[in-house]
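What you see is a predicted model; the values in this text were computed from it and never measured. Each residue takes its place number in the sequence, starting with 1.
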Amino acid sequence: MSVLLVDGDNLLTIGFYGLKNHFYKGKHIGAIYHFVNTLRRSFETYHLDKIVVFWDGENGSHSRRKYYSQYKENRKSRLRSDEEINSYQYQKQRVKQYLEEIFVRQGEFEFCEADDCIAFYTQNSPNENKIIYSGDGDLTQLVSERTQIYNPSHQKIYKKNDTIVYNHEEILIENVTLVKMLCGDPSDNIAGIKNMGIKRLITLFPEIKNLPLTLEDIRNKTNILFEEDKNNWLIKNLLTGVTKHGVFGEEFYEVNKKIVSLDEPFLTDEAKEFIDLLINESLDQEGRSYKNVMRMMRDDGIFNLLPKSDDGFVEFLNPFLRLTRKEKNKKKVIKIKNYD
């Protein structure tokens, strides 16, 4: 069983800004077309049996902010006008409607982020081969024997023990999370050890480039380094958990591990139960129709973006028809929320 797990908001944003000139009757449709077309091509490329899309839920950052109040406080919307906001929200809702019709599974839960949903899915589907579609560095920690990640910015798929370029430095992909714990993550407003950038981290721990390390490994070696050079202020910062906000000692490591690591996803019980259903049950066929898909494609002007041939739309929809057949062959049934 081969499954594609999609960070929905990440993929939608790529299409929204990447296909800026795709309009129909005055409406921007770039995000809709790019999203659906990406799933179509992925189905063909990776010989998929299932596609699951997760969206950031309302107040998704709430749980992590209880542990770290500054989490994502620096985030500002890239949407600059009411027109852009309305267009983005319309296309997001429209994509959800497409996914319902073409038998793509999806989940969105209040107080839950897509990263945590994807993490929980990978942790509880041991018999599936999974490919995660996302440019989010947080998800690299999920790479394993049965989980790979496709980074759309790099246009490359990564597997266990691969090297990845992170902040212009090559490191082992399994160590990206460790780097974010120690150096912080400006995109999420997470403070790291004061004056600790990735170059300095590699200078102290060069093995981070090619050996999988744990936080315990780093702390044990830090003690050894301190015995060798007790005047090194950077090592002192590591020992005492100094950030730009103050001296936190053990609390620094506890908090940063909690908010960066996906070992224990921040999910509600309702979200966990629903994701278990997405893993194990079949989709309800009632109300889903390719007539609806074709009507939506016509109304949205998607047909105008397809090759000018008699069978252009058939070729576009064929991968989803095969996905539908795979889903219909499953026996158990789950009622999925409608995105009307």
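- Taking a cutoff of 4.0 Å between a charged side-chain nitrogen and a carboxylate oxygen, Glu250 and Arg219 qualify as a salt bridge.
- Taking the side chain as every heavy atom from C-beta outward, Tyr67 and Glu254 never approach each other to under 4.5 Å.
- A salt bridge links Glu113 with Arg64: at least one charged nitrogen is closer than 4.0 Å to a carboxylate oxygen.
- Counting non-hydrogen atoms of neighbouring residues, nucleotides and ligands closer than 6.0 angstrom, the CD atom of Glu73 exceeds 12 such neighbours.
- Residues Ile14 and Leu139 do not share a hydrophobic cluster, defined by chaining ILVMFWY side chains whose heavy atoms lie under 4.5 Å apart.
- Of the possible polar contacts, none joining the Asn189 side chain to the Lys72 backbone as a donor-acceptor pair under 3.5 Å is found.
- Of all heavy-atom pairs spanning Glu108 and Asp56, the tightest one is OE2-O, 3.7 Å.
- Between the Lys156 side chain and the Pro152 main chain, no donor and acceptor come within less than 3.5 Å of each other.
- Atom NZ in Lys326 sits 14.5 Å away from atom CZ in Phe103 (nearest 0.5 Å).
- Taking 4.5 Å as the limit, every side-chain heavy atom of Thr163 sits out of range of all side-chain heavy atoms of Ile173.
- Within 6.0 Å of CD in Gln70 there are more than 12 heavy atoms belonging to other residues, nucleotides or ligands.
- Within a 6.0 Å sphere centred on NE2 of His168, heavy atoms belonging to other residues, nucleotides or ligands number 12 at most.
- Side-chain N or O atoms of Asp217 include one that pairs as donor or acceptor with a backbone N or O of Thr214 at under 3.5 Å.
- Counting all heavy atoms, side chain and backbone alike, Val3 lies closest to Met1 at CG2-CG, 3.9 Å.
- Ion pairing between a basic and an acidic side chain is recognised when a charged N comes within 4.0 Å of a carboxylate O; Arg295 and Glu101 show no such pairing.
- When all heavy atoms are compared, the tightest approach of Thr243 to Phe248 is OG1-CE1, 3.4 Å.
- One hydrophobic cluster, built from ILVMFWY side chains closer than 4.5 Å, holds both Val260 and Leu262.
- Here the side chain of Lys50 pairs no donor or acceptor atom with the backbone of Arg105 at under 3.5 angstrom.
- Note that CD1 of Ile275 and CG of Asn124 are 8.5 Å apart. Values are rounded to the nearest 0.5 Å.
- Glu128 and Tyr121 form a side-chain donor-acceptor contact under 3.5 Å, judged by distance and modelled atom types alone.
- Residues His154 and Tyr150 bring no donor and acceptor atom of their side chains to less than 3.5 Å of each other.
- No donor-acceptor distance shorter than 3.5 angstrom exists from the side chain of Asp116 to the backbone of Cys112, with no hydrogens or angles considered.
- Once rounded to the nearest 0.5 Å, the distance linking CD1 of Ile171 with CG of Leu211 reads 13.0 Å.
- Residues Leu204 and Val242 do not share a hydrophobic cluster, clusters being chains of Ile/Leu/Val/Met/Phe/Trp/Tyr side chains in contact below 4.5 Å.
- In terms of modelled atom types and a separation under 3.5 Å, the side chain of Thr147 and the main chain of Ser144 share no donor-acceptor contact.
- Put simply, CD1 on Ile157 and OH on Tyr133 are 11.0 Å apart, with the number rounded to the nearest 0.5 Å.
- Between the side chain of Asp7 and the backbone N or O of Trp55 there is no donor-acceptor pair closer than 3.5 Å.
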Exercise for the section: Carefully, step by step, assess Ile218 and Leu182 under the rule side-chain contact (heavy atoms from CB on, under 4.5 Å). Expected result: CA-CA 10 Å; Ile218 294 293; Leu182 297 170; 3.9 Å; yes

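- A donor-acceptor pair under 3.5 Å is formed between the side chain of Arg146 and the backbone N or O of Pro126.
- In summary, the side chains of Ser187 and Asp185 do present a donor paired with an acceptor at a separation below 3.5 Å, with no hydrogens or angles considered.
- The neighbour count for Glu264 CD, taken as heavy atoms of other residues, nucleotides or ligands under 6.0 Å away, does not exceed 12.
- Using modelled atom types and a 3.5 Å distance limit, the side chains of Gln91 and Ser87 yield a donor-acceptor pair.
- Side chain of Arg94 to backbone of Ile32: no donor-acceptor contact under 3.5 angstrom is found.
- Aromatic ring pairs are classed by plane angle as parallel below 30°, tilted from 30° to 60° and perpendicular above 60°; the pair Phe111 and His62 is tilted.
- Within a 6.0 Å radius of NZ in Lys257, no more than 12 heavy atoms belonging to other residues, nucleotides or ligands are found.
- No more than 12 heavy-atom neighbours from other residues, nucleotides or ligands sit within 6.0 angstrom of NZ on Lys199.
- A donor-acceptor pair is defined here as one N or O able to donate and one able to accept, closer than 3.5 Å; no such pair exists between the side chain of Arg298 and the backbone of Phe303.
- Note: Asn175 CG to Gln141 CD = 11.5 Å, rounded to the nearest 0.5 Å.
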Handout entry: CA sep, side-chain torsions, deciding dist, call: Val104, Val6, side-chain contact (heavy atoms from CB on, under 4.5 Å)
Key = CA-CA 10 Å; Val104 171; Val6 182; over 6 Å; no

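- The side-chain heavy atoms of Phe313 and Ile302, taken from C-beta on, include no pair separated by under 4.5 Å.
- Counting non-hydrogen atoms of neighbouring residues, nucleotides and ligands closer than 6.0 angstrom, the CG atom of Asp229 exceeds 12 such neighbours.
- Taken from CZ in Phe266 to NZ in Lys66, the straight-line distance is 8.5 Å, to the nearest 0.5 Å.
- With 3.5 Å as the limit, one finds a donor-acceptor pair spanning the side chains of Tyr88 and Thr13.
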